[in-house]
Amino acid sequence: MDATPSAAAVAVRCRGLVKHFDDVHAVDGIDLEIRSGECFGLLGPNGAGKTTTIEIVEGLTAPTAGDVEVLGARWGAGDDRALRDRLGVQLQETQLSEYLTVEETIRLFRSFYRRGRTIEETIALMALGEKRRARVGTLSGGQKQRLALACALVGAPDLLFLDEPTTGLDPQARLAIWEVVETFGRGGGTTIITTHYMEEASKLCDRVAIVDHGKIIALGTPAELIASLGADRIVEFELAGDIDVAVLAALPGAAAHHRRGPAHVLSVRELADTLPALLAALDAAGVRLVTMTTHEPTLEDVFVQRTGRALRDD
């Protein structure tokens with residue numbers, strides 16, 4: 001891990017961040033540094049505290065406690081308008097006027113900023129030229145997401161917030177969004193993204209923080225977090241009957257065992273060693289195998305191993 005970055009190299013710094021809604025601790029002591037120029041992912045299930053954390057950083061929600069520094073400034077301590085001019089925000093579901101055209105919508109958002117891209121540049125960046133005179137209400141889901149991202153980028157932000165930017169999109173539309181985000185990063189922009197798509201996080205993010213119950217439970221590059229599992233494969237299976245979990249954990253090549261609902265999940269170093277031993281152990285115990293799947297470890301497996309539930313669980 002790199003040494004602590006200098007102040008000039010930090011886009012966002014949070015210290016002891018807390019947000020309570022009555023007796024709900026939505027954010028519960030988050031410490032975080034996001035480096036300038038990186039794409040940083042916040043992963044976690046609904047209710048984990050991701051959106052509340054982002055809203056605090058964006059200046060939309062005041063923290064109950066803690067300190068937040070964004071691009072070297074603090075909300076309420078200076079020129080908030082100047083700081084907002086440096087931010088771009090795309091929500092998961094941006095409500096745009098369905099009666100305006102694509103060009104009119106981008107022009108409207110451009111008027112909110114004292115600096116930014118030209119309308120033509122923004123339309124070209126998001127490949128919306130053929131739809132520039134189409135009304136928003138006639139656009140497909142992917143086209144609306146591209147338009148929402150255009151509205152976030154038209155101010156030429158230094159820091160871009162993307163909340164589930166590709167939810168519900170087909171693979172081609174998702175790849176188009178990814179390309180724009182990567183281009184933004186190559187130009188020196190900093191991106192903070194929340195996503196449920198593990199492939200998306202692995203593809204786009206330099207580092208990710210996995211959040212659960214308002215706390216960061218894992219932080220690092222996608223490769224570092226996946227490597228922390230100590231496994232080359234994940235084996236998930238269900239049984240008709242019970243078996244001593246100590247037998248499963250002691251199988252040759254098994255790095256770890258945990259339960260996910262009715263399923264057993266084994267993190268495996270050598271599948272060729274573990275699988276025959278597993279089948280033999282089930283046979284010896286007189287337990288029938290109902291289902292079995294294997295896959296390469298992912299960021300979701302990191303979350304499941306540490307919490308016992310999936311990222312999509314409510």
Side-chain angles (χ1 to χ4, degrees), residues 1-78 80 83 86-87 89 157-164 185 189-196 198 201-202 204-229 299-300 302-309 311:
M1 188 66 66
D2 296 340
T4 301
S6 65
V10 175
V12 175
R13 179 181 285 114
C14 301
R15 289 285 179 265
L17 197 61
V18 173
K19 181 62 180 180
H20 296 167
F21 296 98
D22 296 326
D23 59 345
V24 176
H25 294 191
V27 180
D28 196 16
I30 283 181
D31 294 322
L32 189 62
E33 283 188 345
I34 298 173
R35 301 162 188 166
S36 297
E38 78 174 333
C39 182
F40 189 90
L42 282 175
L43 311 181
N46 294 335
K50 306 186 306 296
T51 298
T52 302
T53 299
I54 292 298
E55 288 178 348
I56 292 171
V57 176
E58 291 170 343
L60 300 178
T61 299
T64 302
D67 181 66
V68 180
E69 185 178 306
V70 182
L71 300 175
R74 288 175 170 82
W75 294 111
D80 283 3
L83 180 54
R86 301 177 66 190
L87 307 183
V89 179
D158 297 314
L159 177 57
L160 178 64
F161 296 90
L162 303 177
D163 187 7
E164 302 286 349
T190 304
T191 303
I192 302 177
I193 182 171
T194 68
T195 180
H196 278 142
M198 297 304 98
S202 296
L204 296 179
C205 297
D206 299 298
R207 292 188 301 147
V208 298
I210 298 179
V211 182
D212 191 36
H213 298 300
K215 298 179 182 292
I216 293 176
I217 62 172
L219 174 65
T221 69
E224 287 170 345
L225 295 181
I226 291 171
S228 72
L229 293 171
L299 289 171
E300 180 147 2
V302 177
F303 183 84
V304 171
Q305 186 184 78
R306 299 191 183 207
T307 68
R309 58 197 179 98
L311 281 164

Query raised in the report: Do you know the tightest heavy-atom contact between V302 and L225?
Result: CG2-O, 3.3 Å
Requested in this report: Indicate yes or no: at least one non-hydrogen side-chain atom of F40 is less than 4.5 angstrom from one of D206.
Outcome: no
Report summary line: Minimal heavy-atom distance between I210 and F303, with the atoms involved, is CG2-CD1, 3.2 Å
Query raised in the report: Rounded to the nearest 0.5 Å, how far apart are NE2 of H25 and OG1 of T64?
Result: 8.5 Å
Report summary line: Here the pair of heavy atoms bringing A11 nearest to S36 is N-OG, 3.5 Å
Query raised in the report: Under the salt bridge (Lys or Arg N to Asp or Glu O under 4.0 Å) criterion, do R74 and D67 qualify, and how do the steps go?
Result: CA-CA 8 Å; R74 288 175 170 82; D67 181 66; 2.8 Å; yes
Report task. Would you check if V208 and L42 make a side-chain contact, meaning some heavy-atom pair closer than 4.5 Å? Result -> no
Requested in this report: Check whether any side-chain heavy atom of V68 lies under 4.5 Å from a side-chain heavy atom of L17, and answer yes or no.
Outcome: yes
**Report entry** Check: D158 side chain, R86 main-chain N or O, donor-acceptor pair, under 3.5 Å
**Finding:** no
Query raised in the report: Would you say the side chain of T194 lies within less than 4.5 Å of the side chain of F161, judging by non-hydrogen atoms?
Result: no
Query raised in the report: Quick one: CD on E38 to OG1 on T191, what's the gap to the nearest 0.5 Å?
Result: 9.5 Å
Query raised in the report: Donor-acceptor pair, E164 side chain versus H196 backbone, under 3.5 Å?
Result: yes
Query raised in the report: Of all heavy-atom pairs between L87 and E58, which one has the smallest distance, and what is that distance?
Result: CD1-O, 4.3 Å
Query raised in the report: Atom OG1 of T52 and atom CG of L60: how far apart are they, to the nearest 0.5 Å?
Result: 11.0 Å
Requested in this report: Please confirm whether the backbone N or O of I217 pairs with a side-chain atom of R306, one donor and one acceptor, at under 3.5 Å?
Outcome: yes
Query raised in the report: Could E55 and K50 be called an ion pair, given the rule that one side-chain N must be under 4.0 Å from one carboxylate O?
Result: no
Query raised in the report: So how far is it from L219 CG to L32 CG, rounded to the nearest 0.5 Å?
Result: 7.0 Å
Requested in this report: First locate atom OG1 of T61, then atom CD1 of I56, and finally report the distance between them rounded to the nearest 0.5 Å.
Outcome: 6.5 Å
Query raised in the report: Is there a donor-acceptor contact under 3.5 Å from the side chain of W75 to the main chain of A62?
Result: no
Query - S202 versus L299, closest heavy-atom pair with distance - result: OG-CD1, 3.8 Å
Query - Gap separating the OG1 atom of T190 from the CG atom of L71, nearest 0.5 angstrom - result: 7.0 Å
